[in-house]
Amino acid sequence: IDKPITIDTPLGKTRVDIPMQVSAGLGWQFRPQLRLMGTYSYLFNLSNKSPFVRQIIGVGLNGAF
């Protein structure tokens, strides 16, 4: 079943999607071949059909041998 468009928003009767993404990353190289990375992403879609918000947090350890 298809979700109907909500007309209770100021976006109107036609489908409107306004996607946005904000990302940040921070890293620390504690040895010449080892690096620790932290990332954060905030995604949202301002929509009158299917709005959503997602937060993604990641941690990575990169190394070369």
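Exactly one of Val16, Asp17, Ile18 qualifies for a side-chain contact (heavy atoms from CB on, under 4.5 Å) with Leu46. That residue is Ile18.
Under the 30°/60° scheme for interplanar angles, the aromatic rings of Tyr42 and Tyr40 are found to lie parallel.
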Q: Please assess Leu26 against Met37 for the test side chain to side chain contact (heavy atoms under 4.5 Å, CB included), listing each intermediate value before the final yes or no.
A: CA-CA 6 Å; Leu26 184 62; Met37 293 289 298; over 6 Å; no
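Rounding to the nearest 0.5 Å gives a distance of 5.0 Å between CD of Gln21 and OG of Ser41.
In terms of hydrophobic clustering, with Ile, Leu, Val, Met, Phe, Trp and Tyr side chains grouped at heavy-atom distances under 4.5 Å, Val59 and Phe30 are assigned to a common cluster.
In this structure, Gln29 and Leu34 have side chains that are not in contact, with every pair of non-hydrogen atoms separated by 4.5 Å or more.
No side-chain donor-acceptor contact under 3.5 Å links Asn45 to the backbone of Pro51. Looking only at distances, no side-chain donor or acceptor of Asn62 sits under 3.5 Å from a matching main-chain atom of Arg35.
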